[in-house]
Colleague: 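The structure is given below, and queries will be raised subsequently.
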Protein chains: 2
Amino acid sequence: MRLLLVEDDRRIASDIASALAAAGYVVETARDGEAAWFLGDTEDYGAVILDLGLPGMDGLAILKRWRGNGRHMPVLILTARASWAERVDGIDAGADDYLPKPFRMEELLARLRSIVRRSAGHSSSVVSAGDIALDERQMKVSVRGVPIALSPLEYRLVAHLLRHRGRVVSQHELDENVYGHGEDHDSNALEVLIGRVRKKLGPDLIETRRGFGYLVPETPA
Amino acid sequence: MRLLLVEDDRRIASDIASALAAAGYVVETARDGEAAWFLGDTEDYGAVILDLGLPGMDGLAILKRWRGNGRHMPVLILTARASWAERVDGIDAGADDYLPKPFRMEELLARLRSIVRRSAGHSSSVVSAGDIALDERQMKVSVRGVPIALSPLEYRLVAHLLRHRGRVVSQHELDENVYGHGEDHDSNALEVLIGRVRKKLGPDLIETRRGFGYLVPETPA
DNA sequence: AACGACCTGACAATTCGCTGACATGGATCA
DNA sequence: TGATCCATGTCAGCGAATTGTCAGGTCGTT
């Protein structure tokens, strides 16, 4: 999953970014309000982590402008200011959650999982489709209860497809969420990856929609 | 909106209930775990406010059982225990938000608004005309429930016609929406495409309006 | 009847996605 | 250091699906 991290302090940003990367996310960072606003408005992220103490543009104003433009990705606000009035403001501005500094990285990850899960309309950190189950907390995939070892890229691919099961996901969207970004697309790396995942998880999990993308069907019970 | 408030302390329960009532909610209260679990499992609430310090049954266990039974209403957890580990547990159990006591009533209301807002906003994206149903999320077309495989161009054609069913769509408009733009057509590619779609979905779906374009009637059959 | 709009079947060129084989490069360990 | 494994990218080729073209046919309108 692709995340936007908005944090002006380089040290903190890199700490958070590496923790997120270790948890399997693709992270992009913005260090000022302008960049944050532009990226959040034009790119698609699975979630945004937004520090309110920004130079250039107020974080809440950015959030409100995103929401005003119909951007609905989940947003987790970070701030040193922890008064309840601030929290109310943040939540009413359209934030999905609010985390006061200092915080434990574990809590950040838990809240992130929560808002992502919620925005996908699920209530468990385990998603399943057919015989396949994905446990996002443990980053573990199993087929009929048998755990299957996946490489990092394979895991991201499966995770994104399962989070969006029941919907056709374009190759471009997969590119963005599995690989970082900016890859020249004269390569068939994605197709190879799909093939490898199919070999491991069975050929029926991922359907091809020629010309459009891939689909993991919703399990019809 | 109808809410379930789970809180064993009568004093606190009535304080919260009256604040919620003042904000325009209809509130029902459960004072022990058994009642809470039963009500949450059988009734439909817009949201649940769940105090963890319950007699009878642990709040998190109740929440997990709800989620396990497919109850997806938004849940806001209240608790005096405010350690980060507890919060992580609550969120991972499927809570939508977590509010440590003591709290301001304004913050409770703000968080409630937030989780309710979040849980709304799920639309179906299925269009149908007569026997034909189009699921735009899955890019799937079915006739009388039987899924039919369509090529990309065929799908775009059907999608555009169904989105604008009940009105005549000109060949030019179809050209623009099915193919990119700028095609000189001395070709009858579009007519061929129409033919192929009719062969797959039945000859009655698309009517020809000679000299004007094509029409998918609002509800044939 | 004549004309033009539209339909149909057949065919060929092209595109698309899949696969197996190989190359690269980083991590690990003796 | 060198051997080895694993993850991943690249490439070439295959096979099938897709789609434009064309050559008639059909139908409706005047």
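Chain naming here is simple, since letters A, B, ... match the order of the sequence lines and numbering starts at 1 in each.
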Colleague: Compute whether any side-chain donor of one residue and acceptor of the other, for A:S151 and A:R156, lie under 3.5 angstrom apart.
Modeller: no
Colleague: Please report the distance, rounded to the nearest Å, between CZ in A:R209 and P in D:dA16.
Modeller: 20 Å
Colleague: Heavy atoms under 4.0 Å, any strand shown: does A:Y214 hit a base, just sugar-phosphate, or nothing?
Modeller: sugar-phosphate
Colleague: Indicate whether OP1 or OP2 belonging to C:dA5 is found under 4.0 Å from a side-chain N or O atom of B:Q171.
Modeller: no
Colleague: Under 4.0 Å between a Lys/Arg side-chain N and an Asp/Glu carboxylate O for A:D97 and A:R111?
Modeller: yes
Colleague: D:dG9 C1' sits how many Å from A:L190 CG, rounded?
Modeller: 12 Å
Colleague: Could you give me the CA-CA distance, side-chain angles and deciding distance for A:R113 and A:L109, then say whether side-chain contact (heavy atoms from CB on, under 4.5 Å) is met?
Modeller: CA-CA 6 Å; A:R113 283 196 295 274; A:L109 291 174; 4.0 Å; yes
Colleague: Looking at B:S187, I'd like to know whether one of its side-chain N or O atoms comes within less than 4.0 Å of OP1 or OP2 on D:dT21.
Modeller: yes
Colleague: Kindly say whether, by distance alone, the side chain of A:R210 makes a donor-acceptor pair under 3.5 Å with the base of C:dC16?
Modeller: yes
Colleague: What's the CZ-C1' distance between A:R156 and D:dT8, to the nearest Å?
Modeller: 12 Å
Colleague: Using only side-chain N and O atoms of B:S151, determine if any of them is under 4.0 Å from OP1 or OP2 of D:dA17.
Modeller: no
Colleague: Please state whether the phosphate of C:dC18, meaning OP1 or OP2, lies under 4.0 angstrom from any side-chain nitrogen or oxygen of A:T208.
Modeller: yes
Colleague: Ignoring hydrogens and geometry beyond distance, is a side-chain donor-acceptor pair present between A:Y214 and A:Q171 at under 3.5 Å?
Modeller: no
Colleague: Quickly work out the A:L205 CG to C:dC18 P distance and round it to whole Å.
Modeller: 13 Å
Colleague: Considering only NZ, NE, NH1 and NH2 on the basic side and carboxylate oxygens on the acidic side, decide whether A:D44 and A:R71 come within less than 4.0 Å.
Modeller: yes
Colleague: Residues of residues 191-202 of chain B with any non-hydrogen atom less than 4.0 angstrom from an atom of DNA chain D: list those, numerically ordered, please.
Modeller: B:V192, B:R196
Colleague: Tell me: CD1 of B:I206 to P of C:dT8, nearest whole Å?
Modeller: 11 Å
Colleague: Could you tell me the separation between the CG atom of B:N188 and the C1' atom of C:dG4, rounded to a whole number of Å?
Modeller: 14 Å
Colleague: Salt bridge check, A:R210 against A:E191: does any charged N sit closer than 4.0 Å to a carboxylate O?
Modeller: no
Colleague: Within this structure, what is the CG-to-P distance between B:L153 and C:dC16, rounded to whole angstrom?
Modeller: 11 Å
Colleague: Whole-Å distance between C:dC16 P and A:E207 CD?
Modeller: 21 Å
Colleague: Which pair of non-hydrogen atoms, one from A:A36 and one from A:V6, has the smallest distance, and what is that distance?
Modeller: CB-CG1, 3.5 Å
